Amino acid sequence: MKGKLITFEGCEGCGKSTQVALLKEYLTTTGQDFIITREPGGTEISEKIRAVILGKENSAMVDECEALLYAASRCQLLKERVLPALDSGKLVIIDRYYDSSFAYQAYARGLGYDFVSAANKFALDNAVPDITIFLDFDPEHAFIRKGGADKTDRLELAGIEFHKRVYDGYNALAQKFPQRIARIDASKQINEVHNSIITLLKEKGLIK
Ligand code: TYD
């Protein structure tokens with residue numbers, strides 16, 4: 001990989017979308033070359049898969065199907081957009097990546113690490129992030145700050161116990177991969193969190 005890959009992770013309501021938008025603004029105003037995308041989604045096909053996964057009409061979906069659809073969406077995004085961009089030396093930022101599958105499907109759904117790892121083996125092609133920013137904010141406080149779940153989103157409706165398990169999953173991942181996963185305290189003010197992210201990415205030589 002000639003380019004650099006930065007991924008963002010965290011529980012529902014941790015402020016991830018806001019921080020990704022602020023990083024995008026920073027990179028644009030400082031004239032840096034990058035692409036930014038999200039999971040599930042980011043390509044026409046992956047966005048269609050996203051609609052199937054998250055649609056609340058699909059409440060009959062079994063956990064294995066959900067995990068495989070995330071992997072399918074990821075595979076399409078990687079091969080269509082991310083890997084070509086990395087090969088041409090670009091900076092790529094993804095809002096959620098395979099750590100989401102470990103936190104949500106392996107830990108919270110209980111499918112286990114091996115299942116998710118095997119499902120993703122086909123998708124990943126060794127595209128390991130240079131850094132993963134884990135926005136650490138516990139889900140109970142996050143839901144209060146957010147004003148409750150989005151009632152059109154199947155995963156947001158999964159209940160607080162589920163989201164606490166997601167949080168436990170992220171903590172376990174952060175312990176398992178301390179070199180790659182950087183924990184940022186996301187309970188702080190928006191600008192403070194943003195500044196911490198910029199400082200960290202500069203220190204790592206990933207942005208200017
Ligand atoms: P989204 O509305 O993008 O949530 P957020 O703004 O919190 O990122 O919906 C993505 C949902 O999909 C979110 O609930 C997390 C979940 N998800 C998984 O369960 N596994 C995955 O591998 C990915 C990428 C996302």
Side-chain angles (χ1 to χ4, degrees), residues 5-24 36-43 45-56 58-59 61-78 81-82 92-113 115-124 127 129 132-143 145-170 172-173 181 186 190 193:
L5 178 59
I6 301 171
T7 60
F8 278 80
E9 296 286 352
C11 293
E12 247 71 22
C14 68
K16 187 167 52 58
S17 309
T18 306
Q19 290 304 329
V20 170
L22 286 172
L23 175 61
K24 182 177 178 185
I36 200 155
T37 185
R38 71 162 178 185
E39 277 204 16
T43 72
I45 293 167
S46 304
E47 290 291 336
K48 286 182 185 159
I49 299 173
R50 176 189 174 90
V52 173
I53 304 173
L54 298 180
K56 76 171 189 313
N58 292 330
S59 59
M61 189 181 295
V62 298
D63 296 345
E64 289 83 352
C65 175
E66 182 183 279
L68 291 166
L69 287 176
Y70 278 116
S73 158
R74 177 165 304 129
C75 183
Q76 184 68 34
L77 174 66
L78 273 175
R81 287 189 68 198
V82 172
V92 179
I93 295 145
I94 320 180
D95 182 345
R96 294 197 183 281
Y97 192 42
Y98 58 71
D99 294 296
S100 286
S101 282
F102 286 110
Y104 284 78
Q105 280 70 49
Y107 283 85
R109 294 281 192 226
L111 284 177
Y113 196 86
F115 181 97
V116 171
S117 185
N120 277 276
K121 219 176 230 141
F122 303 106
L124 291 181
T132 296
I133 294 172
F134 166 35
L135 293 171
D136 182 354
F137 194 25
D138 84 84
E140 265 171 311
H141 288 100
F143 271 107
R145 185 167 76 173
K146 200 173 179 265
D150 174 354
K151 304 233 171 358
T152 64
D153 185 316
R154 198 171 60 82
L155 263 94
E156 285 210 10
L157 289 171
I160 191 67
E161 288 310 318
F162 174 77
H163 292 286
K164 281 193 200 158
R165 289 199 297 276
V166 172
Y167 185 58
D168 291 344
Y170 276 126
L173 288 164
I181 302 183
I190 288 175
V193 177

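Since this is a predicted model, take the numbers as computed values, not measurements. Order of listing sets the numbers, starting from 1, for every ligand and every atom in it. Side-chain atoms are counted along with the backbone in the values below, which use heavy atoms only and exclude waters and symmetry mates.
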A.B. asks: Could you report the tightest heavy-atom contact between Gly159 and His163, atom names first, then the distance?
C.D. replies: O-CD2, 3.1 Å

A.B. asks: List the closest protein heavy-atom neighbour of atom 6 (O) of ligand 1: residue, atom name, distance to the nearest 0.1 Å.
C.D. replies: Ser17 OG, 3.8 Å

A.B. asks: Which one of Ile49, Leu77, Thr37 satisfies the side chain to side chain contact (heavy atoms under 4.5 Å, CB included) criterion with Thr43?
C.D. replies: Leu77

A.B. asks: Among Gln105, Glu66, Glu12, which one has a heavy atom closest to atom 20 (N) of ligand 1?
C.D. replies: Gln105

A.B. asks: Heavy atoms only, cut-off 4.0 Å: how does Lys16 contact ligand 1, side chain, backbone, both, or neither?
C.D. replies: side chain

A.B. asks: Considering only the protein, which heavy-atom contact is closest to atom 10 (C) of ligand 1, and what is its distance?
C.D. replies: Pro40 CD, 3.9 Å

A.B. asks: Is it the side chain (CB and beyond), the backbone, both or neither of Leu54 that lies under 4.0 Å from ligand 1, heavy atoms counted?
C.D. replies: side chain

A.B. asks: Just to confirm my output: which protein heavy-atom neighbour is closest to atom 22 (O) of ligand 1, and how far is it?
C.D. replies: Ser101 OG, 2.6 Å

A.B. asks: Could you walk me through whether Leu78 and Tyr97 pass the side chain to side chain contact (heavy atoms under 4.5 Å, CB included) check?
C.D. replies: CA-CA 10 Å; Leu78 273 175; Tyr97 192 42; 3.7 Å; yes

A.B. asks: Can you find an N or O of Arg96 that's nearer than 3.5 Å to an N or O of ligand 1?
C.D. replies: yes

A.B. asks: Side chain, backbone, both or neither: which part of Arg74 comes within less than 4.0 Å of ligand 1 when only heavy atoms are counted?
C.D. replies: side chain

A.B. asks: Please work out whether any backbone atom (N, CA, C, O) or any side-chain heavy atom from C-beta onward of Arg109 is under 4.0 Å from ligand 1, and answer side chain, backbone, both or neither.
C.D. replies: neither

A.B. asks: When Glu39 is tested against each of Arg96, Arg81, Arg74, Arg50 for salt bridge (charged side-chain N to carboxylate O under 4.0 Å, His left out), which residue passes?
C.D. replies: Arg74

A.B. asks: Tell me whether ligand 1 is touched by Arg38 - counting only heavy atoms on the residue side and a distance under 4.0 Å.
C.D. replies: no

A.B. asks: Counting non-hydrogen protein atoms only, what is the nearest one to atom 3 (O) of ligand 1? Give residue, atom name and distance.
C.D. replies: Arg50 NH2, 3.1 Å

A.B. asks: With the side chain counted from C-beta on, respond yes when Ser117 and Tyr98 share a heavy-atom pair under 4.5 Å apart, and no when they do not.
C.D. replies: no

A.B. asks: Nearest heavy atom to atom 17 (N) of ligand 1 wins, so pick from Tyr98, Phe162, Tyr104, Tyr70.
C.D. replies: Tyr70

A.B. asks: Quick one: pull up CD in Gln19 and CD1 in Ile133 and give me the separation to the nearest 0.5 Å.
C.D. replies: 9.0 Å

A.B. asks: Go through it in stages, so that I can follow the logic: the residues are Tyr70 and Ile53, the test is side chain to side chain contact (heavy atoms under 4.5 Å, CB included), and I'd like the CA-CA distance, side-chain angles, deciding distance and then a yes or no.
C.D. replies: CA-CA 8 Å; Tyr70 278 116; Ile53 304 173; 3.5 Å; yes

A.B. asks: Could you tell me if the ring centre of Phe102 sits under 6.0 Å from that of Tyr107?
C.D. replies: no

